[in-house]
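Notes to accompany the following structure.
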Amino acid sequence: MADPKLISKIPEGPIQEKWSKRKSSIRVVSPNNKRKLEVIVVGTGLGGASAAASLGEMGYNVKIFCISDSPRRAHSIAAQGGINAAKNYQNDNDSVSRLFFDTVKGGDYRSREANVYRLAEVSAAIIDQCVAQGVPFAREYGGYLANRSFGGVQVSRTFYARGQTGQQLLLGAYASLNKEIAAGTVKSYPRHEMLDLVIINGEAKGIIARNLVTGEIERFGAHAVVLATGGYGNTYFLSTNAMNSNGSAAMQAYRKGAFFANPCFAQIHPTCIPVHGDQQCKLTLMSESLRNDGRIWVPKKMEDVMKLRTHQIKASQIPEEDRDYYLERRYPAFGNLVPRDVASRAAKERCDAGYGVNETGLAVFLDFADAIKRLGNQRVQERYGNLFDMYEKITNVSPWEEPMMIYPAIHYTMGGLWVDYDLQTTIPGLFAIGEANFSDHGGNRLGASALMQGLADGYFILPYTIGDYLSHKFAEPKTDINAPEFVAAEKAVIDRIEKILTVKGTETVDSIHKKLGHIMWEYVGMARNEAGLKKAIEEIGELRKEFWKTVRVPGTNEEFNQELEKALRLVDFFDIGELMARDALHRKESCGGHFREEMQTEEGETKRDDENFMYVGAWEYKGEGVEPELHKEPLKYENIKIATRNYKD
Amino acid sequence: MEYNVKVWRQKNAKAKGHFETYHVTDVEEDASFLEMLDILNDQLIRKGVEPIAFDHDCREGICGACSLYVDGRAHGPDDQVTTCQLFMRHFKPGATITVEPWRSGAFPVIKDLMVDRTAFDKIMQAGGFITVRAGSAQDGNSILIPHDDAELSMDAAACVGCGACVATCKNGSAMLFVAARVSSLALLPQGKPEAARRARAMVAKMDELGFGNCTNTRACEMECPKHVTIDHIARLNREYLKAKFSE
Ligand SMILES: Cc1cc2nc3c(=O)[nH]c(=O)nc-3n(C[C@H](O)[C@H](O)[C@H](O)COP(=O)(O)OP(=O)(O)OC[C@H]3O[C@@H](n4cnc5c(N)ncnc54)[C@H](O)[C@@H]3O)c2cc1C
Ligand code: SF4
Ligand code: FES
């Protein structure tokens, strides 16, 4: 039974026709009316920058916000490996339906079919758009676009610009954004952090933001608000996300009535540089593309492991027959290219069994010796040169001589604000795009698909669907930022800041955040169980109390105050962490990145429970300290045969 | 490991700045430079001293946020890295390390080690784009680009917009930054119709915003963390001259 509060608005008809049908039913707004319509976009990553640029091109009046000093520095800039698109340029029989199928399967059958199909459908146009913007994608010698393959698929559909694909795509979107800023359709507010959402008569009408330079609390009104604020991976303190990535905007929306979907689905990336000590605040990803040519292994013999840990031998000295290429052994069909969740758990399994190759026992090898032999130095340099350099800078070890050491780390969050087919949340007028929404990746995201989703949402989907909502609004006057709802929201923000500043305790924000990270990684990390999750909820509650008693945030609101920024975000991370644990506790199945120890096969693979959990779990906020209410959107698969994910044969 | 950190403190844009020296302890051997500052900040806060403000985000050398002048060099003593990719193994234990913000008229200090680089955004808004609307592009493979051109274009496009080139130039010129964008696009067939306008507009904006003139000292190239070379400045000059002739 469909939940009356979760109307997904999926158009009727065959899946191939749904998107065109929806587009043709969207009312269009005349140019002179578009100018009167104001849209706030929060976030300048791939999702936000592309959406704001497109909305500007269409003639809407747009305001865009970000935390960094320039829109170009959004977290998307750090994406390395590539972006997928069903172009079939390699003539390997790729197609929209194959990309669709791979994405649904990769997501372990927990994503919404219609959305994923649309994503695959618009993917090709993204590449065309980016090429036209001057994105210098890698080319073959004949001048055609080059591709590489990525985990979880058997075709080569990933487009890339060295190891800096996210940077180049974002600079493309940033350029389009600049074009609109120059044209006067978009106004940019860098170093402005949204601190609350304003709802008037049940509709999203604006935001409260803090000018990070002056500390001024400002009100901004609009006819609709778009959140493109990224994921909440930093709940774990240590992750591959940028330092300023946070989940606060989504939490503000959640507290104002937007449902939060599948919070427990977080992705752990198998190839990150292992933690080196407890003073670290950020983990570095080594692109998944490395798994194309790199081979993952640990020693077969415990004595070799011990010698490695005590630096008596080097990895390169261990003979071939004494190495356990465990992914190739367990998953012959996909080998080193199994999806991320599978690769991460396999690394954990080997390390738990005692075969971890560094002092902490939490690392495996990623080896390029064979690739260098097969491809030669120059091709390896071209493909991975900058990643090798980066690795060497950080670890002081050259991957040309010794294999890299890697270990899984938190990387991406599939969960996010619940949205319907139009990317609208449960709050009318509030839309969510990019990593901030939940819609396309189910329980696990395939590599190179986040960039695709961000740009699909921003260039091609949201600008249309939001038009339908706005078409009913052009007669409405400009939103009045002196309305009581704005005044109240602003006051709440000022009170929250005041409350933090007056604690004047002894502990730094980071030291408390680190504790939250430990709880999350221990109990809501790669393997979860009932007792642990209950413990997590309890401990997070305790830690929250500790925060309000002991945190020390120096300085005032009326100045640049990075500790205050971090403290405000941490308050929301407590809530997200708790929500993640609660969701993980209720989902008594293993699926995608969510591994419940109680639910595994004898071989240690995930055991999904389609009968009881084939739904999107969307949480409704019920007030502070009150348990949120779970709503279910059942998932129907009409175009894909549901199967157990199999990467073995 | 322990260090002495001599750091620029400035309350806000209007305040007068000064150096303070702090002692930082318990820095792990593998720590990065910014992790050392995190540790120092943690120690300062506990002592009741306001932490040092500095820009950073990705900590992977790609966002271009970090921007510290360390021991007299933009991004510090290591070559071709951003400050976040600088590691403490480059400093002798016990050393005194001097940390300053970018110093350039076009980049006013906001607080401590943080400067305002919105001038870069303004230059980009003046013309650093190709005017294409979403949905109007032709098939990506209908524009063939020789492999080496794409690679060269990518060399320039690697610019992270950090501003080290400006900070290090005795004239405070933004030529390398502007050249990176103009050259990256000039090497591709896309956007040719507006190439002349782009070069003219971006250079004019750079001059208007108070960046200095380029006198080919090559200091920028030496300090650029992304190895953007002054060959791109030569290409910008050619584009600019072409644009002037076509006027
Ligand atoms: C190291 C790394 C490598 C990756 N590589 C790949 C890859 O190769 N391929 C792939 O497909 N995906 C990759 N991903 C994932 C992908 O980069 C992200 O999922 C994607 O870029 C998210 O884009 P976004 O637009 O949704 O959000 P983001 O890029 O995270 O942008 C969020 C924006 O919101 C702003 N913001 C947030 N909160 C507020 C607030 N309260 N007020 C104002 N502004 C706010 C931020 O300032 C920022 O501008 C990678 C991720 C990481 C961490
Ligand atoms: S050209 Fe180099 S130094 Fe200048 S902004 Fe770009 S990356 Fe930084
Ligand atoms: S923090 Fe991003 S480049 Fe240094």
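In what follows, every heavy atom counts, from backbone to side chain, and hydrogens, waters and symmetry copies are set aside. In what follows, chains carry the letters A, B, and so on, assigned in the order in which the sequence lines appear, proteins first and then strands, with residues in each chain numbered from 1.
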task = Under 4.5 Å, heavy atom to heavy atom: which of residues 193-203 of chain B reach chain A? Give them by number, or say none.
result =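 Residues qualifying by a heavy atom under 4.5 Å from chain A are absent, so none.
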task = Please list, in residue-number order, every residue in residues 25-32 of chain B that has a heavy atom less than 4.5 Å from any heavy atom of chain A; write 'none' if there are none.
result =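 So the qualifying residues are D26(B), V27(B), E28(B), D30(B), A31(B).
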inquiry  = Does any part of the side chain of E507(A), heavy atoms only, come nearer than 4.5 Å to the side chain of R46(B), both counted from C-beta?
reply    =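 R46(B) vs E507(A): side chains touch.
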Heavy-atom side-chain proximity of R133(B) to M58(A) below 4.5 angstrom =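 Result no, sub-4.5 Å side-chain heavy-atom pair not found.
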Starting at [atom1] of [X], measure out to [atom2] of [Y] and round the result to the nearest 0.5 Å.
| X | Y | atom1 | atom2 | result |
| --- | --- | --- | --- | --- |
| E60(B) | Q167(A) | CD | CD | 12.0 Å |
| N12(B) | T214(A) | CG | OG1 | 11.0 Å |
| Q129(A) | S136(B) | CD | OG | 6.5 Å |
| N141(B) | Y89(A) | CG | OH | 4.0 Å |

Give, as side chain, backbone, both or neither, the part of [X] having an atom under 4.5 angstrom from any heavy atom of chain B.
| X | value |
| --- | --- |
| D389(A) | neither |
| D278(A) | both |
| S76(A) | neither |
| Q279(A) | both |
| N244(A) | both |
| A125(A) | neither |
| F460(A) | side chain |
| L455(A) | neither |
| S70(A) | both |
| Q133(A) | both |

With chain B as the partner, which of [options] has the greatest number of non-hydrogen pairs under 4.5 Å?
| options | answer |
| --- | --- |
| L285(A), I126(A), T508(A) | T508(A) |
| S54(A), A182(A), G277(A) | G277(A) |
| H75(A), E382(A), R139(A) | R139(A) |

Check each atom of [X] against the heavy atoms of chain A and say whether the ones under 4.5 Å are side chain, backbone, both or neither.
| X | answer |
| --- | --- |
| Q190(B) | side chain |
| K47(B) | backbone |
| L44(B) | neither |

key: Residues which pass side chain to side chain donor-acceptor pair (under 3.5 Å) with K11(B), listed by chain and number, not counting sequence neighbours   =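 Listed in chain order: E559(A), E50(B).
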key: Residue pairs passing the ring pair (Phe, Tyr, Trp, His ring centres under 6.0 Å) test where at least one lies in residues 126-160 of chain B, sequence neighbours excluded   =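 As it turns out, the ring pair (Phe, Tyr, Trp, His ring centres under 6.0 Å) pairs with a partner in residues 126-160 of chain B, which skip direct neighbours, are Y141(A)-H147(B).
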